[in-house]
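Only a predicted model underlies this, so the values are computations on that prediction, with no experimental measurement involved. Chain letters run A, B, ... following the sequence lines, proteins first and then strands; every chain starts at 1.
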Amino acid sequence: VSPQYSKPPAEHPLDPLLLDPSRLAIVALLSATDWCEFALIRDHVNLSDSALSKQLSTLRTSGYVDVHKGRSGGRPRTWVRCTDTGRGALHAHISSLQAIATAAHEAGDANLADPGLDRVDGPH
Amino acid sequence: MEPHQAREMLEDIHHRREQALNAASIQGRFWPLLILVGAAVFSLDDYLAPTFVDALTLALVLALIYLPRLFPGLLRLTGQRAILRESFMPRYARLLLGAALAAASIATGAAMAWLTDRLGHGHPWIRRHPHTVACLPVALIVVVVAVSARRIAFRIAARGRSRQ
(Lines give C-alpha, C1' and ligand atoms only; values in the text may rest on other atoms or scores of the structure.)
Protein backbone atom coordinates (compact mmCIF):
# COMPACT_ATOMS: atom_id res chain seq x y z
CA VAL A 1 0.00 0.00 0.00
CA SER A 2 1.31 3.39 -0.94
CA PRO A 3 2.21 5.69 1.98
CA GLN A 4 0.12 8.47 0.36
CA TYR A 5 -3.12 6.66 1.44
CA SER A 6 -2.25 6.95 5.11
CA LYS A 7 -2.51 10.74 4.98
CA PRO A 8 -6.01 11.99 5.77
CA PRO A 9 -7.16 15.02 3.76
CA ALA A 10 -6.03 18.31 5.31
CA GLU A 11 -9.59 19.66 5.65
CA HIS A 12 -10.63 16.64 7.78
CA PRO A 13 -7.73 15.60 10.00
CA LEU A 14 -8.20 12.47 12.11
CA ASP A 15 -9.17 13.25 15.69
CA PRO A 16 -6.31 12.08 17.95
CA LEU A 17 -8.73 11.43 20.81
CA LEU A 18 -10.84 9.10 18.66
CA LEU A 19 -7.89 7.10 17.37
CA ASP A 20 -8.13 5.08 20.57
CA PRO A 21 -10.51 2.15 19.76
CA SER A 22 -12.22 2.26 23.17
CA ARG A 23 -12.94 5.98 22.99
CA LEU A 24 -14.12 5.67 19.38
CA ALA A 25 -16.47 2.83 20.38
CA ILE A 26 -17.86 4.86 23.28
CA VAL A 27 -18.51 7.98 21.20
CA ALA A 28 -19.99 5.91 18.32
CA LEU A 29 -22.35 4.15 20.72
CA LEU A 30 -23.35 7.43 22.34
CA SER A 31 -23.80 9.24 19.02
CA ALA A 32 -26.93 7.19 18.27
CA THR A 33 -28.52 7.90 21.64
CA ASP A 34 -29.60 10.83 23.75
CA TRP A 35 -28.70 9.12 27.04
CA CYS A 36 -26.99 5.83 27.63
CA GLU A 37 -26.54 3.90 30.88
CA PHE A 38 -22.97 3.52 32.15
CA ALA A 39 -23.43 -0.26 32.54
CA LEU A 40 -24.62 -0.60 28.95
CA ILE A 41 -21.51 1.13 27.60
CA ARG A 42 -19.31 -1.00 29.87
CA ASP A 43 -20.95 -4.21 28.62
CA HIS A 44 -20.76 -3.29 24.93
CA VAL A 45 -17.26 -1.83 24.94
CA ASN A 46 -15.89 -4.59 27.20
CA LEU A 47 -14.14 -2.34 29.67
CA SER A 48 -13.93 -2.54 33.44
CA ASP A 49 -15.77 0.10 35.48
CA SER A 50 -12.54 1.89 36.32
CA ALA A 51 -11.22 1.81 32.74
CA LEU A 52 -14.52 3.16 31.42
CA SER A 53 -14.57 5.89 34.07
CA LYS A 54 -11.09 6.91 33.01
CA GLN A 55 -12.03 7.06 29.32
CA LEU A 56 -15.21 9.00 30.10
CA SER A 57 -13.23 11.42 32.20
CA THR A 58 -10.87 12.05 29.28
CA LEU A 59 -13.80 12.55 26.90
CA ARG A 60 -15.59 14.82 29.38
CA THR A 61 -12.49 16.98 29.81
CA SER A 62 -12.46 17.49 26.05
CA GLY A 63 -16.17 18.32 26.07
CA TYR A 64 -17.16 15.24 24.04
CA VAL A 65 -19.55 13.74 26.61
CA ASP A 66 -21.86 14.82 29.41
CA VAL A 67 -22.26 12.72 32.55
CA HIS A 68 -25.35 12.69 34.75
CA LYS A 69 -25.31 10.94 38.11
CA GLY A 70 -28.56 10.06 39.83
CA ARG A 71 -30.46 7.38 41.67
CA SER A 72 -32.95 4.99 40.15
CA GLY A 73 -34.63 2.07 41.89
CA GLY A 74 -32.74 2.98 45.08
CA ARG A 75 -29.36 2.49 43.41
CA PRO A 76 -26.90 5.08 42.15
CA ARG A 77 -26.75 5.19 38.37
CA THR A 78 -24.70 7.08 35.84
CA TRP A 79 -26.00 8.24 32.48
CA VAL A 80 -23.82 9.49 29.67
CA ARG A 81 -24.57 11.39 26.49
CA CYS A 82 -22.59 12.75 23.58
CA THR A 83 -22.35 16.55 23.32
CA ASP A 84 -22.58 18.55 20.08
CA THR A 85 -18.78 18.91 20.23
CA GLY A 86 -18.43 15.12 20.43
CA ARG A 87 -20.84 14.58 17.54
CA GLY A 88 -18.99 17.14 15.44
CA ALA A 89 -15.66 15.47 16.20
CA LEU A 90 -17.04 12.02 15.35
CA HIS A 91 -18.57 13.33 12.13
CA ALA A 92 -15.23 14.86 11.05
CA HIS A 93 -13.41 11.67 12.07
CA ILE A 94 -15.80 9.53 10.00
CA SER A 95 -15.31 11.88 7.01
CA SER A 96 -11.54 11.42 7.28
CA LEU A 97 -11.82 7.64 7.55
CA GLN A 98 -14.15 7.55 4.55
CA ALA A 99 -11.74 9.77 2.59
CA ILE A 100 -8.86 7.38 3.33
CA ALA A 101 -10.93 4.33 2.39
CA THR A 102 -12.27 5.99 -0.78
CA ALA A 103 -8.85 7.24 -1.88
CA ALA A 104 -7.43 3.73 -1.50
CA HIS A 105 -10.38 2.26 -3.40
CA GLU A 106 -10.02 4.74 -6.27
CA ALA A 107 -6.27 4.22 -6.41
CA GLY A 108 -6.91 0.48 -6.47
CA ASP A 109 -9.22 0.93 -9.47
CA ALA A 110 -6.58 3.07 -11.21
CA ASN A 111 -3.94 0.43 -10.55
CA LEU A 112 -6.18 -2.20 -12.08
CA ALA A 113 -6.62 -0.02 -15.17
CA ASP A 114 -2.89 0.71 -15.43
CA PRO A 115 -0.79 -1.86 -13.55
CA GLY A 116 2.33 0.20 -14.29
CA LEU A 117 1.30 2.66 -11.52
CA ASP A 118 2.01 -0.05 -8.99
CA ARG A 119 5.69 0.00 -9.87
CA VAL A 120 5.86 3.80 -9.67
CA ASP A 121 4.16 4.08 -6.27
CA GLY A 122 5.41 0.95 -4.62
CA PRO A 123 8.59 0.70 -2.54
CA HIS A 124 11.79 -0.20 -4.41
CA MET B 1 -3.35 5.17 8.79
CA GLU B 2 -3.80 2.25 6.40
CA PRO B 3 -7.01 1.99 4.35
CA HIS B 4 -7.94 -1.36 5.89
CA GLN B 5 -7.65 0.19 9.35
CA ALA B 6 -9.93 3.04 8.26
CA ARG B 7 -12.46 0.54 6.93
CA GLU B 8 -12.29 -1.48 10.16
CA MET B 9 -12.92 1.67 12.19
CA LEU B 10 -15.91 2.59 10.01
CA GLU B 11 -17.28 -0.95 10.42
CA ASP B 12 -16.86 -0.69 14.18
CA ILE B 13 -18.73 2.65 14.26
CA HIS B 14 -21.66 1.10 12.36
CA HIS B 15 -21.61 -1.93 14.66
CA ARG B 16 -21.72 0.29 17.78
CA ARG B 17 -24.64 2.25 16.39
CA GLU B 18 -26.57 -0.95 15.76
CA GLN B 19 -25.87 -1.98 19.34
CA ALA B 20 -27.30 1.35 20.50
CA LEU B 21 -30.43 0.70 18.42
CA ASN B 22 -30.97 -2.67 20.06
CA ALA B 23 -30.35 -1.25 23.53
CA ALA B 24 -33.02 1.41 23.02
CA SER B 25 -35.81 -1.16 22.75
CA ILE B 26 -38.41 -1.05 25.49
CA GLN B 27 -38.63 -4.08 27.79
CA GLY B 28 -41.77 -6.24 27.69
CA ARG B 29 -42.86 -5.49 31.26
CA PHE B 30 -43.53 -1.85 30.33
CA TRP B 31 -46.21 -2.64 27.72
CA PRO B 32 -48.95 -3.90 30.14
CA LEU B 33 -48.51 -0.65 32.08
CA LEU B 34 -48.89 1.34 28.86
CA ILE B 35 -52.02 -0.67 27.93
CA LEU B 36 -53.58 0.13 31.32
CA VAL B 37 -52.73 3.85 31.09
CA GLY B 38 -54.02 3.98 27.49
CA ALA B 39 -57.23 2.21 28.49
CA ALA B 40 -57.77 4.57 31.42
CA VAL B 41 -57.28 7.65 29.23
CA PHE B 42 -59.59 6.24 26.53
CA SER B 43 -62.34 5.52 29.07
CA LEU B 44 -62.16 9.10 30.41
CA ASP B 45 -64.11 10.16 27.31
CA ASP B 46 -67.24 8.88 29.09
CA TYR B 47 -66.73 11.11 32.10
CA LEU B 48 -64.90 14.26 31.02
CA ALA B 49 -65.08 16.77 28.18
CA PRO B 50 -63.54 15.34 24.96
CA THR B 51 -61.29 18.42 24.56
CA PHE B 52 -59.82 17.84 28.00
CA VAL B 53 -59.19 14.16 27.23
CA ASP B 54 -57.52 15.06 23.90
CA ALA B 55 -55.27 17.56 25.68
CA LEU B 56 -54.44 14.99 28.36
CA THR B 57 -53.58 12.39 25.70
CA LEU B 58 -51.30 14.84 23.91
CA ALA B 59 -49.63 15.79 27.21
CA LEU B 60 -49.05 12.13 28.06
CA VAL B 61 -47.52 11.37 24.65
CA LEU B 62 -45.22 14.40 24.86
CA ALA B 63 -44.24 13.48 28.43
CA LEU B 64 -43.46 9.94 27.34
CA ILE B 65 -41.22 11.22 24.54
CA TYR B 66 -39.47 14.15 26.20
CA LEU B 67 -39.38 13.56 29.98
CA PRO B 68 -36.86 10.69 29.77
CA ARG B 69 -34.66 12.92 27.62
CA LEU B 70 -34.67 15.58 30.34
CA PHE B 71 -34.50 13.15 33.27
CA PRO B 72 -32.66 9.99 32.17
CA GLY B 73 -33.43 8.26 35.49
CA LEU B 74 -37.01 7.83 34.25
CA LEU B 75 -35.77 5.39 31.60
CA ARG B 76 -35.72 2.70 34.27
CA LEU B 77 -39.53 2.84 34.28
CA THR B 78 -39.61 1.73 30.64
CA GLY B 79 -36.78 -0.76 31.10
CA GLN B 80 -34.60 1.05 28.56
CA ARG B 81 -30.85 1.28 29.00
CA ALA B 82 -30.49 3.93 26.30
CA ILE B 83 -32.74 6.39 24.57
CA LEU B 84 -32.47 6.61 20.83
CA ARG B 85 -31.61 9.96 19.34
CA GLU B 86 -34.55 11.24 17.29
CA SER B 87 -32.44 12.28 14.33
CA PHE B 88 -30.98 8.77 14.16
CA MET B 89 -34.25 7.48 12.72
CA PRO B 90 -35.09 8.67 9.19
CA ARG B 91 -37.99 11.10 9.00
CA TYR B 92 -40.12 8.74 6.93
CA ALA B 93 -39.70 6.01 9.55
CA ARG B 94 -40.90 8.38 12.25
CA LEU B 95 -43.84 9.44 10.06
CA LEU B 96 -44.68 5.78 9.47
CA LEU B 97 -44.68 5.18 13.22
CA GLY B 98 -46.91 8.19 13.94
CA ALA B 99 -49.30 7.41 11.07
CA ALA B 100 -49.68 3.75 12.10
CA LEU B 101 -50.42 4.78 15.68
CA ALA B 102 -52.94 7.46 14.68
CA ALA B 103 -54.68 5.12 12.19
CA ALA B 104 -54.91 2.32 14.77
CA SER B 105 -56.24 4.69 17.41
CA ILE B 106 -58.92 6.21 15.16
CA ALA B 107 -60.00 2.95 13.51
CA THR B 108 -60.21 0.81 16.63
CA GLY B 109 -61.84 3.58 18.67
CA ALA B 110 -64.58 4.07 16.08
CA ALA B 111 -65.05 0.33 15.53
CA MET B 112 -65.30 -0.43 19.24
CA ALA B 113 -67.74 2.44 19.86
CA TRP B 114 -69.92 1.19 17.00
CA LEU B 115 -69.74 -2.40 18.27
CA THR B 116 -70.61 -1.57 21.87
CA ASP B 117 -73.45 0.62 20.66
CA ARG B 118 -74.81 -2.34 18.66
CA LEU B 119 -74.31 -4.86 21.45
CA GLY B 120 -75.45 -2.51 24.15
CA HIS B 121 -79.16 -2.34 23.24
CA GLY B 122 -81.09 -3.00 26.41
CA HIS B 123 -78.12 -2.11 28.59
CA PRO B 124 -78.35 1.62 29.35
CA TRP B 125 -75.05 1.65 31.29
CA ILE B 126 -73.15 0.21 28.29
CA ARG B 127 -74.80 2.74 25.95
CA ARG B 128 -73.78 5.56 28.28
CA HIS B 129 -70.23 4.26 28.78
CA PRO B 130 -69.06 2.86 25.42
CA HIS B 131 -65.46 4.01 25.95
CA THR B 132 -65.20 2.30 29.34
CA VAL B 133 -66.49 -0.97 27.88
CA ALA B 134 -64.16 -0.81 24.87
CA CYS B 135 -61.09 0.72 26.53
CA LEU B 136 -59.03 -2.44 27.12
CA PRO B 137 -59.31 -3.97 23.61
CA VAL B 138 -58.70 -0.54 22.02
CA ALA B 139 -55.60 0.06 24.14
CA LEU B 140 -54.37 -3.47 23.46
CA ILE B 141 -54.71 -3.08 19.68
CA VAL B 142 -53.13 0.39 19.69
CA VAL B 143 -50.16 -0.82 21.75
CA VAL B 144 -49.67 -3.89 19.52
CA VAL B 145 -49.67 -1.61 16.45
CA ALA B 146 -47.24 0.76 18.21
CA VAL B 147 -44.84 -2.09 19.08
CA SER B 148 -44.93 -3.44 15.50
CA ALA B 149 -44.50 -0.01 13.92
CA ARG B 150 -41.65 0.80 16.31
CA ARG B 151 -39.85 -2.41 15.42
CA ILE B 152 -40.23 -1.70 11.69
CA ALA B 153 -38.98 1.88 12.20
CA PHE B 154 -35.95 0.59 14.15
CA ARG B 155 -35.11 -1.90 11.41
CA ILE B 156 -35.37 0.88 8.81
CA ALA B 157 -32.98 2.98 10.92
CA ALA B 158 -30.52 0.09 11.36
CA ARG B 159 -30.53 -0.75 7.66
CA GLY B 160 -30.08 2.88 6.68
CA ARG B 161 -27.12 3.30 9.02
CA SER B 162 -25.40 0.10 7.97
CA ARG B 163 -25.50 1.26 4.36
CA GLN B 164 -23.68 4.50 5.19
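By the criterion of side-chain heavy atoms lying less than 4.5 angstrom apart, applied directly or through intervening Ile, Leu, Val, Met, Phe, Trp or Tyr residues, A:V27 is not grouped with A:L40; the two fall into different hydrophobic clusters. Put simply, B:L95 and B:V145 are part of two different groups of oily side chains (I, L, V, M, F, W, Y) that touch within less than 4.5 Å, one to the next. Residues A:L19 and A:I100 share a single hydrophobic cluster, defined by chaining ILVMFWY side chains whose heavy atoms lie under 4.5 Å apart.
How far CG of B:L10 is from CD1 of A:I94: 7.0 Å, rounded to the nearest 0.5 Å. Note that CD1 of A:I41 is 11.5 Å distant from CZ of B:R16, once rounded to the nearest 0.5 Å. For the atom pair CZ of B:R69 and CZ of A:R81, the computed distance is 11.0 Å after rounding to the nearest 0.5 Å. Once rounded to the nearest 0.5 Å, the distance linking CG of A:L24 with CD1 of B:I13 reads 4.5 Å. The CG atom of A:L97 lies 11.5 Å from the CD atom of B:E11; values are rounded to the nearest 0.5 Å.
Only the backbone of A:L18 comes within contact range of chain B, with at least one heavy atom under 4.5 Å from a heavy atom of that chain. For chain B, the nearby part of A:H68 is the side chain; its heavy atoms alone come within less than 4.5 Å.
Heavy-atom neighbours of B:Y47 OH from other residues, nucleotides or ligands within 6.0 Å: above the threshold of 12. Environment of CZ in A:R60: sparse, with no more than 12 heavy atoms of neighbouring residues, nucleotides or ligands closer than 6.0 Å.
Taking both residues in full, the closest heavy atoms of B:A20 and A:A32 are given as CB-CB, 3.7 Å, listed atom of the first, atom of the second, then distance. Taking every heavy atom of both residues into account, A:A28 and B:R17 meet most closely at O-CG, 3.6 Å.
For the options B:R7, B:H15, B:Q19, heavy-atom pairs under 4.5 Å to chain A are most numerous at B:Q19.
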